[in-house]
Amino acid sequence: MAAATTGSTGSARTSGGSTRKPTSTANASGRPTRRLVIVESPSKAKKIQPYLGNDYVVESSVGHIRDLPRGAADVPAKYKGESWARLGVDVDNQFSPLYVVTPEKRSTVSELREALKTVDELLLATDPDREGEAIAWHLLETLQPKVPVRRMVFHEITESAIRAAAENTRELDQHLVDAQETRRILDRLYGYEVSPVLWKKVMPKLSAGRVQSVATRLIVQRERDRIAFRSAEYWDIAATLDAGEKATPRSFGARLLQVDDKRVATGRDFDSLGQLKKGSAEVVTLNEAEARRLAEGLQDRPMEVASVDSKPYTRKPYPPFMTSTLQQEAGRKLRFSSERTMRSAQRLYENGYITYMRTDSTTLSATAIEAARSQARELYGDAYVADSPRQYTRKVKNAQEAHEAIRPAGESFRTPGAIAREVDGDDFRLYELIWQRTIASQMNDARGTTVSIRIAGTAGTGENVVFGASGRTITFPGFLKAYVETVDDGSADQADDAESRLPELTRGQGLTATELVPDGHSTSPPSRFTEPALVKAMEEMGIGRPSTYASTIKTILDRGYVWKKGSALVPSWVAFAVVGLMEQHFGQLVDYDFTAAMEDDLDSIASGDDSRVHWLSGFYFGTDGASSGSEIARAGGLKKLVGSNLEEIDARTVNSIPMFADAAGNDVVVRVGRYGPYLERIVDGESQRANLPDDLAPDELSEEIAEKLFSVPQEGRKLGTDPVTGHEIVAKEGRFGPYVTELLPEPEVPEGAKKKPAKPKPRTGSLFKSMTVDTITLEDALRLLSLPRIVGTDPDSGDEITAQNGRYGPYLKKGTDSRSLSGEEQLFTVTLSEALEIYKQPKQRGRAAAAPPLRELGEDASTQKKMVIKDGRFGPYVTDGETNASLRKGDSVEEITDERASELLAERRAKAPAKKTTTRKPAASKSTAAAKKTTTRSTAAKTTPTKSTGTRTRKTPTT
DNA sequence: CAGTGAGCGAGCTTCCGCTTGACTT
């Protein structure tokens, strides 16, 4: 049984299990039974309504209506204090999820509630898959219908299918709902527990997730392969052979295949690192000299046809589109990004041109098959149409198949020409692609012949050689007439409709080589992922869903894990750091088979063989004994990995990506710093650093480029030369913001000196707030470098007073006594007497206290203290003099009410660490703080049973 | 990645899947 919902008053679990069959009999009031049908998509609702007639009201949920809270702002006040509020899942209490109606769905929900009032029965007709079942359950929980409820399922949107579905309803499948909920909670735990690890160890705002982390890993791994790649050279010989004047074509090309019974290496004999594969002992690799010598030796030698092998060639049409193949082909043929493809497809769908665009099925309905066949017949003739209808059942990993393939809508298809007036641009081109592919899928195989010829000869130097040539002729193009798939590298001669013709030859026939050209090749690195290629890889691995391929790509782009160079996806250095961390410390979570294993486990939950709580317990808390559970469960569970194991993760190591050793043998390392990636190496115990340019792809970082970067002094804008010292002055961005500094000439090493003289430190100075690196003048820079300025001497103490710029802005310094200055210009203008005047004032105790409140409020509800709004370093906050609480998103200084202010203060008080209670072990290291916090919180939750139980009790049996 | 002296209010970031408008310039 699925989770009882937190946040809703315990619902009748049986409401979905009404066994009453819908009838068409009249109800008590004498009118016919009215039914509300809820589907997921508004356009689907519109389409179905006329099929069902006036006794039905068809509405849509517009996808999911509830979800776990995204963050603190979504958590209802009632649960705010709970230890698990951040996760939205009470892990200590049977993993009870807290569901909230998604803010933008509130109006949808109230509309559905209204509609429900007018009917006698509810039919939940969400998609027939795991997510659809869950949406149906959420609708049930949220709407709390008083009328009977049934689950309606259909796989095809035709009148007969819809009517049949309305007559043959079933109960909600709680096991399937459980499987979905398990998936949802797993993803939440993974994402919300692992991401904070990245914030602590790498950079804030990064993210990890079951899908995005594996996608990122794929891209990083490919780049690593490219970095490790060493191009290898191999040679062969390209021959042009003459078959005699009667032959057509008379001459043709052939390539050297064998030398003395050993196969000549081709590209396929090299691995992804560019080196000859192991086990290729039987292969001979020719170098240039050998190839030249052999070509010469073959000059004017007789050749003869050793074999002619002719085979029939047939090629079946490609299956109709599903989301992933549509994105791939639109990417290759139209150069659309995944997002662009989906945006266009959405428009076509909404306007009734195509069927649903988020699908993992290649199935066509019977009417669609008929439409495609009749249109193919019309356009190309009977011979081109397949003898019998073709159904494509190629199973995609983890496919849910809730929808049809993507095809032109309707019972007869409109040709691209027919819609050209209504649709243009991207939409037209995409429709054309879909239309062609659909038509082609019902056409006949392409047929032809492939011929493979071997030609033997002996070189003057004694080697026996074999040349090979192959040809393909297409005698009947079949479906190729309508649609040819584009190959990844864009080469036309690899395409399915490519032809190459050979003359008719017979065994033993003599040939002469008119040309023998030694031909050099070099292996090239595996190419980077493009968007379509990544989508294909994800689909093959079963990670991500049709509705998320495009958004996953967007996510990894947004996080800065990946950037686009043309159409190639290039990983950032941050991605290297994050993937490295994940592989090292969360290996099970980024395993390429993790999702596949999860899907199997979800299947056993869906079938009732496993339970949600049992599975999640293993995942989160680990399992004893190695006999059962997932990899992560055996490793002790996620909680341990993000908790006590955290201190094992060394941030410095994680953020260091070793590259290579330079000529002197020093290791060159890329470091991912707070302010971007930079190179570092240690030379003679001294650290050398260099910024990495943003547009340098990791695989382009060669030793040569590294040396160049090291040799360039830290870039910065050159402002000119200091007339006094002759030093060049530059402005650049630094750790503490923009600053100016001088470039000192290399100190001369005196003859015979044992040690290098100590490097003199260059002068530096932070820019004023009014200045920028791009606009600062040499004059300003020299003024900044002149700081600190000696203002004068305190006549009382004899101490020197200086004016300088610091971390908190401009200030005066006299020994250890300091005073802030009000403006940066004052650094140059303040006089000794003004300075002494300032020193007469007592030291300001905190700027916040000195600043007047932004607004005054009434008394706090609980403490009866006066509340005021103040502006602080972190923005406006409310204080009652004791407790301070920042205003949240949505609160404004002008509009906040006393009630809201009190609420914020109360929340803050509740969160404040208990001051007098425990005196725990001091000096908790930064990395263990999180783990500790969790412990404290869960204890608190247990000691206040009234809060953590109540409406949230669940009946799920524990396994 | 430059290096200089206070004391003070943090809160938020993040996942995967299902669906489309409603916003602003």
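Chain A is the first sequence line, chain B the second, and so forth, proteins listed ahead of strands; every chain is numbered from 1.
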Is Arg689(A) side chain donor-acceptor paired with the dC1(B) base, going by distance under 3.5 Å alone? no

Could you tell me whether the phosphate oxygens of dC15(B), OP1 or OP2, come under 4.0 Å of any side-chain nitrogen or oxygen in Ser195(A)? no

Could you state the CG-P distance from Leu743(A) to dC1(B), rounded to the nearest angstrom? 19 Å

5′-ward residue of the pair Gln400(A)/Arg70(A) relative to DNA chain B: Arg70(A)

Which atoms form the tightest heavy-atom contact between Met867(A) and Val878(A), and what is the distance? CB-CG2, 4.2 Å

Side-chain N or O of Ser547(A) closer than 4.0 Å to phosphate OP1/OP2 of dC18(B): yes

Take atom NZ of Lys865(A) as the centre, draw a 6.0 Å sphere, and report whether it contains more than 12 heavy atoms from other residues, nucleotides or ligands. yes

Separation between CZ of Phe619(A) and CD1 of Ile632(A), rounded to the nearest 0.5 Å: 5.5 Å

Stacking between dT14(B) and Trp199(A), yes or no? Criterion: centroid separation under 5.5 angstrom, plane angle under 30 degrees. no

Below the 4.0 Å mark, does dT20(B) have OP1 or OP2 next to a side-chain nitrogen or oxygen of Ser41(A)? yes

Out of dC16(B), dC18(B), dT20(B), whichever nucleotide has its closest atom nearest the side chain of Glu350(A): dT20(B)

Describe the nucleic acid contact of Pro762(A) in one word from base, sugar-phosphate, nothing, applying a heavy-atom distance below 4.0 Å. nothing

Determine if the base of dG9(B) is syn or anti; take syn to mean the glycosidic torsion is within 90° of 0. syn

Name the residue closer to the 5' end of DNA chain B, choosing between Val211(A) and Ala73(A) according to the nucleotide with the nearest heavy atom. Ala73(A)

Report which part of the nucleic acid Tyr192(A) touches: base, sugar-phosphate, or nothing (heavy-atom distance under 4.0 Å, all strands). base

Which of these nucleotides, dG21(B), dT19(B), dC18(B), is closest to any side-chain atom of Val62(A)? dT19(B)

Within less than 4.0 Å of OP1 or OP2 of dG17(B), is there a side-chain N or O belonging to Thr548(A)? yes

For Trp573(A) and dC1(B), what is the distance between atoms CH2 and P respectively, to the nearest whole Å? 19 Å

Whole-Å distance between dC16(B) C1' and Phe594(A) CZ? 12 Å

Under 4.0 Å, counting only non-hydrogen atoms across every strand here, what does Gly63(A) touch: a base, just sugar-phosphate, or nothing? base

So, do Tyr739(A) and dA2(B) meet the stacking rule of ring centres under 5.5 Å and planes under 30°? yes

Contact class for Gly544(A) (heavy atom, under 4.0 Å): base, sugar-phosphate, or nothing? sugar-phosphate

Using a heavy-atom cut-off of 4.0 Å across all strands, would you classify Tyr549(A) as base, sugar-phosphate, or nothing? nothing

Rounded interatomic separation in angstrom, taking CZ from Phe619(A) and P from dC16(B): 12 Å

Check whether any side-chain nitrogen or oxygen of Gln180(A) sits under 4.0 Å from OP1 or OP2 of dG17(B), and answer yes or no. no

Round to the nearest Å and state the distance from Arg66(A) atom CZ to dT19(B) atom C1'. 17 Å

When you look at Arg86(A) and Glu193(A), which way does the salt bridge (charged side-chain N to carboxylate O under 4.0 Å, His left out) test go after all the steps? CA-CA 10 Å; Arg86(A) 190 186 67 86; Glu193(A) 292 285 44; 3.2 Å; yes

Between dT14(B) atom C1' and Leu68(A) atom CG, what is the distance in whole Å? 13 Å

Compute both the distance and the angle, then confirm whether Arg559(A) meets the cation-pi test with Tyr561(A): under 6.0 Å from the six-membered ring centre, within 45 degrees of the axis. no

From C-beta outward on Pro196(A), which listed nucleotide comes closest to its side chain: dT20(B), dC12(B), dT14(B)? dT14(B)

Between dG17(B) atom C1' and Glu104(A) atom CD, what is the distance in whole Å? 14 Å

Under 4.0 Å between any heavy atoms, over every strand shown, what does Thr555(A) touch: base, sugar-phosphate, or nothing? Just pick one. sugar-phosphate

With sugar-phosphate meaning primed atoms plus P, OP1 and OP2, does Arg188(A) contact a base, only sugar-phosphate, or nothing at under 4.0 Å between heavy atoms? base

Categorize Asp127(A) for me: base, sugar-phosphate, or nothing, with a 4.0 angstrom heavy-atom threshold over every strand shown. sugar-phosphate

Examine dT20(B): is either OP1 or OP2 under 4.0 Å from a nitrogen or oxygen in the side chain of Arg358(A)? Give yes or no. yes

Regarding dC16(B), can its base be found pairing with the side chain of Arg545(A) as donor and acceptor, where the two atoms are less than 3.5 Å apart? no

Thr126(A) and its side chain to side chain contact (heavy atoms under 4.5 Å, CB included) partner, picked from His64(A), Arg151(A), Glu133(A): Arg151(A)

Round to a whole Å and report the spacing from NZ of Lys200(A) to C1' of dT14(B). 12 Å

At under 4.0 Å between heavy atoms, what does Arg130(A) touch on the DNA or RNA strands: base, sugar-phosphate, or nothing? nothing

Does the side chain of Ser60(A) come under 3.5 Å of the side chain of Glu40(A) through a donor N or O and an acceptor N or O? no

Taking 4.0 Å as the cut-off, does a side-chain nitrogen or oxygen of Ser43(A) come that near to OP1 or OP2 on dT20(B)? yes

Within 45° of the six-membered ring axis of Tyr811(A) and under 6.0 Å from that ring's centre, is NZ or CZ of Arg819(A) located there? no

So what does Tyr811(A) hit on the nucleic acid, given a heavy-atom distance under 4.0 Å: a base, only sugar-phosphate, or nothing? base

Do any side-chain nitrogens or oxygens of Tyr356(A) fall under 4.0 Å of OP1 or OP2 in dT19(B)? yes

Is any side-chain N or O of Arg184(A) under 3.5 Å from a base N or O of dC15(B), one able to act as donor and the other as acceptor? yes

